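Some notes on the structure that comes next.
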Amino acid sequence: MPETIVRKMLERGLQEPVDTGGKHAAMLNGMHLSGHHEMLKQQLEHTLAGTGNIPRSKNPLGRIVAHPNISDSMSRIRPLVLAGFEAEARDALPIYLKERVEVAGCPVFSTAPSTPGWIFADTAYMVPPSLAIMGRTEMAINDLVRTWELLATPEGYIRHVLNAAVPVEDSYCKIDVWIDGTAWGRAQGWWLAGVVDTLEVIEKPPAGVTGLFRKTCEALLPLQEDGFWRATVDDDYSLIDTSATVMIGYGFVKGWQLGLLDKVYEEAGVRALEYVLRHHFDLRTGTLRHQQKGPLIVNVASPNPRYLGEANPYGQGFLASLYTLVATGVNVRDMGLRPVKAG
């Protein structure tokens, strides 16, 4: 039986503005993993009918994919498959593939005129897992690897946003190609979660992507402080971010379950869960507090203040998923998830 506390976490997230595909996908994937299948189905029925909590785009391409946030909208193809809407997922995929825009061999997050060529770490979670579950495993792996090649620091941390449309030799001061060149906490989480959700459906993952995954995990492990990670993981002066903490913890625990990581990473994921539940969670309402308010784009003026908020659907969804893996006996290996059959 699905855990009552997990349902409370998910319901709390749905009370907030779920105004992006990525927020919605984090919640939907949490619903599936935790066994809240009726909640998942109802959410997607509303999405397909255009009555969901994400307003239908002004530029819809079918019922799922839309401009300008083309990659963001793609993130819900995986949940469609998990909920049994395979036909709808099959309808959406070719639309995405036709409209997909790549720069430097990597899909852009948005086709908005203001962000030409911007490569976001977030896209690693939005696109590859949906590609993989639809049988496009090679493209999914290539996207993950290319994202790492473009965004990773020499240590293996994932930076947030690169303007890949501008060659470094054509830039004004060499660092101006980085819209946000920090090791943003949720950037680590997006990439790790994208890897494990992609590799979950691949029987024999390529050594290249698993090696990059381990390198980033090895870099992040010593930065964990008493269970948490910071909004910028390698900056001791940045704020605690509980959303980044549960996202990284999810990547660690699921990576261990898939045989990609040693048990020390599973233990770190457990510490992450225990820390946020002890210090940053309201049992009465299911609210995960002290999540970094986004977007965190430190190289340009942001309309959103850089402070801590609460109940962000990203954090609520990943908290539900991490809790499920750690505390309810769910092991993703037992679920046997595989790509849909060609049809």
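Not measured: the values here are computed from a predicted model. One is the number of the first residue; the rest follow in order along the sequence. Values reported hereafter were calculated over all heavy atoms of this structure, with side chains retained and with hydrogens, waters and symmetry mates removed.
Arg90 has a carboxylate O that lies under 4.0 Å from a charged side-chain N of Glu86, or vice versa, which qualifies the two as a salt bridge. Salt-bridge check for Asp197 with Lys254: passed, with a basic side-chain N closer than 4.0 Å to an acidic carboxylate O. Look at Lys263 and Glu266 and you find a salt bridge, because one of the NZ, NE, NH1 or NH2 atoms lies within 4.0 Å of a carboxylate O, short of that distance. Using a 4.0 Å cut-off between charged nitrogen and carboxylate oxygen, Arg100 and Asp143 count as a salt-bridge pair. Salt-bridge check for Glu225 with Arg271: failed, with every basic side-chain N at 4.0 Å or more from each acidic carboxylate O. No salt bridge links Lys215 with Glu218; every basic N to acidic carboxylate O contact stays at or beyond 4.0 Å.
Residue Gln43 is tested with His24, Arg76, His36, Glu38 for a side chain to side chain donor-acceptor pair (under 3.5 Å); the sole match is His24. Between Tyr125 and the choices Leu144, Leu192, Val196, Asn29, the side-chain contact (heavy atoms from CB on, under 4.5 Å) rule is met once, by Asn29.
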Stepwise side chain to side chain contact (heavy atoms under 4.5 Å, CB included) check, Ile141 with Ile202: CA-CA 10 Å; Ile141 295 296; Ile202 299 175; 3.9 Å; yes
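Annotation: the span from Glu310 atom CD to Asp282 atom CG amounts to 8.0 Å, rounded to 0.5 Å. Atoms CG and NE2, from Asp180 and His160 in turn, are 6.0 Å apart once rounded to the nearest 0.5 Å.
Between Val145 and Leu212, some side-chain heavy-atom pair lies under the 4.5 Å cut-off. Contact annotation: the side chain of Leu162 never approaches that of Ile179 to less than 4.5 Å [non-hydrogen atoms, C-beta and beyond]. Put simply, the side chain of Pro129 reaches to within 4.5 Å of the side chain of Thr198, judged on heavy atoms. Put simply, the side chain of Leu337 reaches to within 4.5 Å of the side chain of Leu82, judged on heavy atoms.
A pairwise comparison of heavy atoms in Ala320 and Val6 identifies CB-CG1, 3.7 Å as the closest pair. Nearest approach of Asn331 to Gln257, heavy atoms of both residues: CA-OE1, 3.3 Å. In this structure, Gly317 and Leu10 approach most closely via the heavy-atom pair CA-CD2, 4.5 Å.
Within a 6.0 Å radius of CD in Gln15, more than 12 heavy atoms belonging to other residues, nucleotides or ligands are found. Shown here is Arg230, whose CZ atom has more than 12 heavy atoms of other residues, nucleotides or ligands within 6.0 Å.
Checked against a 6.0 Å centroid threshold, the rings of His280 and Tyr275 count as neighbours. For Tyr314 and Trp190, the ring centers sit closer than 6.0 Å to each other. For an aromatic pair to be called close, the ring centres must be under 6.0 Å apart, and Phe252 with Trp229 satisfies this.
With no hydrogens or angles considered, a side-chain donor-acceptor pair links Trp184 and Gln292 at under 3.5 Å. A donor-acceptor pair shorter than 3.5 Å cannot be found between the side chains of Ser110 and Trp118.
Relative orientation of the Trp191 and Phe213 rings is tilted, given thresholds of 30° and 60° on the angle between their planes.
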